[in-house]
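A short write-up of the structure that comes next.
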Number of protein chains: 2
Amino acid sequence: MTETCNCNNCRNELCIRKVPIFSTLNQEDVGKIASLINHRDYKKGETILFDGDYTDSVVIINEGSAKAYKNTPDGREQILYVFSEGDFFGEQNLLGNKTATFSVEALQPVNTCILSRGQFQKLLYSYPEIAVKIIEELSGRMARLETALQSMGVRNVDTRVGGILLEFATKYSTKTNEGTLIHLPLSREGIANYLGVARETLSRKLGQLENEGLIRSVNNKEILIPNMQAIELLAGAGY
Amino acid sequence: MTETCNCNNCRNELCIRKVPIFSTLNQEDVGKIASLINHRDYKKGETILFDGDYTDSVVIINEGSAKAYKNTPDGREQILYVFSEGDFFGEQNLLGNKTATFSVEALQPVNTCILSRGQFQKLLYSYPEIAVKIIEELSGRMARLETALQSMGVRNVDTRVGGILLEFATKYSTKTNEGTLIHLPLSREGIANYLGVARETLSRKLGQLENEGLIRSVNNKEILIPNMQAIELLAGAGY
DNA sequence: CGAGTCCTTGAATACACTCAACTGTGGTGG
DNA sequence: CCACCACAGTTGAGTGTATTCAAGGACTCG
């Protein structure tokens, strides 16, 4: 049980090790939990969870990334989260027989670890530290939502674009000698749906920022930021 | 310890009994926790927590209501939550030495129960069911935030106004023979800051809804909704 | 290389915002 | 008890900015 090999159990251990909420567990406990895990793969564009569906499992992203979104009454799609390795969802069903409050769709090929509600519940009672980790994780996620809500309230769209560049810079960037290179997790349309603006508006704003020299659009998946402070100023102080 | 009286401990027990997260505890445990609690009162308009301040305590609203908000870069105030009896905040500081991510201001005279971070942490490890309750509570709060975010993404302001009327109707209303009477927890300006629109815009929209017969503004603190389904339609389907 | 999808650019429109004046309301003090 | 003041809310007019609709350009993937 404690040796590394290619059996399902050990593959599952690798899966668990990636997830922050299990980071406090010792090897033995990891092994126990590993045996409870199921896996499922999804292709890019496939829907992992449908808004409104009943579900009784907690899903952990083991590999790849996914977007969580709600469809608005006026036919748009409001993106709420971009999940990547180690993120989980479905915890809202922990107690009652609740239905999903958003849809989740794979942005890339995704591999998931699945725990049933019952198993997950038992874990929480056996390992209070996991519950605390989850509270910590949820708190962080709420802080992000709160910031997003604040941002949506800002009239000035430039500020909001700056805000999302900052957010992406902290999560999806590498440093180069030309500046910070952001690897966009979403398409332009996706970013627009995350910001809650029209695709075209985002396009115009990014074009404008490029003209002003604040960003350099390397390709559709990468944006280079020569001077991060200028973006911070944009996001913070507005115009 | 288990007898009802007017001593501080027993007053604290009453306080605990109001809070859903402690609802699973037996009398003895309630007594133990009661001895850990401190109290503090706030006048209407007083700030209970300042955004950015360091704080090491979890605050539970025992009586009254309060708004949680962030100031936006463009000088507005974006309301995130309306807390009332039994709600708590400060749990984001559970683990690290974090600072507050929003301000909280009393909307009415408020009485709070205060637990220090250390005490609260111990509770979580001693009573896993409290942790589970908190996860449940946070999940609910996240669902609300997610819905709010979705709502903010909707262009049509009528829809958003309808949405907030529905939300208030579920939390702050009484049934009368004329329809559903909503007791507004916020002023017009507050509602506007909750929706992320200008005060004047909200005023116009409410006036319009009143002309159409969908609502009746009884006074600045109460709105009567004769036909709730019409509001649901407004919030759901847009125009 | 071609088809489809995603992205950009342009022009016109609509909608909420801003600024400003006015009305109502609640509270204080003479 | 009424006059006054401060504040919250409403209403009006004009402006700005993002949206919409439409067309053209540029990727990406087979």
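Order of the sequence lines sets the chain letters (A, B, ...), proteins ahead of strands, with each chain counted from 1. Every value quoted in this text rests on a predicted model; they were computed, and no experiment measured them.
- Contact annotation: S187(A) does not reach the phosphate of dC6(C) (side-chain N/O to OP1 or OP2, under 4.0 Å).
- Judged by distance alone with a 3.5 Å cut-off, no donor-acceptor contact links the side chain of E189(B) to the base of dC7(D).
- Formation of a donor-acceptor pair under 3.5 Å by the T147(B) side chain with backbone atoms of A143(B) is found in this model.
- E200(A) CD: more than 12 foreign heavy atoms inside a 6.0 Å radius.
- If you measure from atom CD of E210(A) to atom C1' of dC7(C), you get 13 Å, rounded to the nearest angstrom.
- OP1 or OP2 of dC17(C) lies within a sub-4.0 Å distance of a side-chain N or O belonging to R155(A).
- Between T201(A) and dA18(D), a side-chain N or O to OP1/OP2 separation shorter than 4.0 Å is absent.
- Each of V157(B) and K221(A) was matched to the nucleotide of DNA chain C holding its nearest heavy atom; the match closer to the 5' end belongs to K221(A).
- Aromatic pair F102(A)/Y69(A): ring centres not closer than 6.0 Å.
- No more than 12 heavy atoms of other residues, nucleotides or ligands sit less than 6.0 Å from atom NZ of K44(B).
- In this structure, L206(B) places its CG atom 11 Å from C1' of dG9(D), rounding to the nearest Å.
- Put simply, NZ on K43(A) is 13 Å from P on dG30(D), counting in whole angstrom units.
- Across the protein-nucleic acid pair, N220(B) atom CG and dC7(D) atom C1' stand 11 Å apart, rounded to whole Å.
- Put simply, CD on E200(B) is 14 Å from C1' on dC15(C), counting in whole angstrom units.
- Here dA8(D) presents its C1' atom at 13 Å from CG of L202(B), a figure rounded to the nearest Å.
- For K205(B) and dA16(C), the shortest distance from a side-chain N or O to OP1 or OP2 is below 4.0 Å.
- Here dT5(C) presents its C1' atom at 16 Å from CG of L107(A), a figure rounded to the nearest Å.
- Dashed line: the shortest gap from a side-chain N or O of R188(B) to OP1 or OP2 of dT10(D) is under 4.0 Å.
- Heavy-atom neighbours of Q229(A) CD from other residues, nucleotides or ligands within 6.0 Å: at or below the threshold of 12.
- For the pair G196(B) and R199(A), nearest-nucleotide mapping onto DNA chain C gives the more 5' position to R199(A).
- A straight line from CG of N211(B) to C1' of dT10(D) spans 12 Å, rounded to a whole angstrom.
- If N219(A) and R204(B) are placed on DNA chain D by their nearest nucleotide, the residue sitting closer to the 5' end is R204(B).
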